[in-house]
Visitor: 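Sharing a structure, written as structure tokens. Questions coming.
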Amino acid sequence: VQLAESGGGLVQPGGSLRLSCAASGSIFSINAMGWYRQAPGKERELVAIITSRGSTNYADSVKGRFTISRDNAKNTVYLQMNSLRPEDTAVYYCNGQIRTMTSGIVYESDYWGQGTQVAVSS
């Protein structure tokens, strides 16, 4: 199973970016998917999460500015980021709670993408 992120880059304050993360491989099903970020010198933190049924949860710092969504048919999760601030600068990581099946047994594990850099600067 692999998670592939795309959509990062450099943007001015107040601008927007859309991140995508596609899961591929021998996937039985996907539970929650989420976005985390890690700024230099700081710990990785949760940005937003979405369950398989579409329930969402956001960090207080991004509420009203970021929107997480998913396309279950494409095993893809998105993060629409608006009104970006310099403090949003970080490496953004995609996470998936993914189930695989081996010999009739279903296993669930956390999978991570490689990260995509988001830089907000004038």
Visitor: For the residue pair R99 and V106, what are the closest heavy atoms and their distance?
Guide: CB-CG1, 3.8 Å
Visitor: If you compare all heavy atoms of S16 against all heavy atoms of S83, which two are closest, and at what distance to 0.1 Å?
Guide: OG-N, 4.4 Å
Visitor: Would you name the heavy atoms of S121 and P13 that are closest together and state the gap between them?
Guide: C-CD, 3.6 Å
Visitor: Any chance you could measure Q117, atom CD, to T89, atom OG1, to the nearest 0.5 Å?
Guide: 7.5 Å
Visitor: Could you give the distance from CG (N75) to OG (S24), rounded to the nearest 0.5 Å?
Guide: 8.5 Å
Visitor: Any idea which heavy atoms bring A90 and R37 closest together, and the distance?
Guide: CB-CB, 3.8 Å
Visitor: Distance from S20 atom OG to R70 atom CZ, nearest 0.5 Å?
Guide: 14.0 Å
Visitor: Heavy-atom count around E87 CD within 6.0 Å, excluding the residue itself: above 12?
Guide: yes
Visitor: Check which hydrophobic residues are tied to F66 through side-chain heavy-atom contacts below 4.5 Å, counting indirect links as well, and list them.
Guide: V1, L3, V11, L17, L19, I27, I30, M33, W35, V47, I50, Y58, V62, I68, V77, L79, M81, L84, Y92, I98, Y111, V118, V120
Visitor: Once rounded to the nearest 0.5 Å, what's the spacing between atom CD of Q80 and atom OG1 of T67?
Guide: 7.0 Å
Visitor: At their closest point, which heavy atom of S61 faces which heavy atom of R85, and how far apart are they?
Guide: O-NH1, 4.0 Å
Visitor: Is it true that, when you exclude E108 itself, more than 12 heavy atoms of the residues, nucleotides or ligands shown sit nearer than 6.0 Å to its CD?
Guide: yes
Visitor: When rounded to the nearest 0.5 angstrom, what is the spacing between OG1 in T100 and CZ in F28?
Guide: 10.0 Å
Visitor: To the nearest 0.5 angstrom, please state how far the NZ atom of K63 sits from the CG atom of N57.
Guide: 6.5 Å
Visitor: Taking the side chain as every heavy atom from C-beta outward, state whether Y93 and E5 have any pair of such atoms under 4.5 Å apart.
Guide: yes
Visitor: Please report the C-alpha distance between D71 and Y78 in whole Å, then the side-chain angles of each, then the deciding distance to 0.1 Å, and finally whether the side-chain contact (heavy atoms from CB on, under 4.5 Å) criterion is met.
Guide: CA-CA 8 Å; D71 184 333; Y78 306 95; 4.1 Å; yes
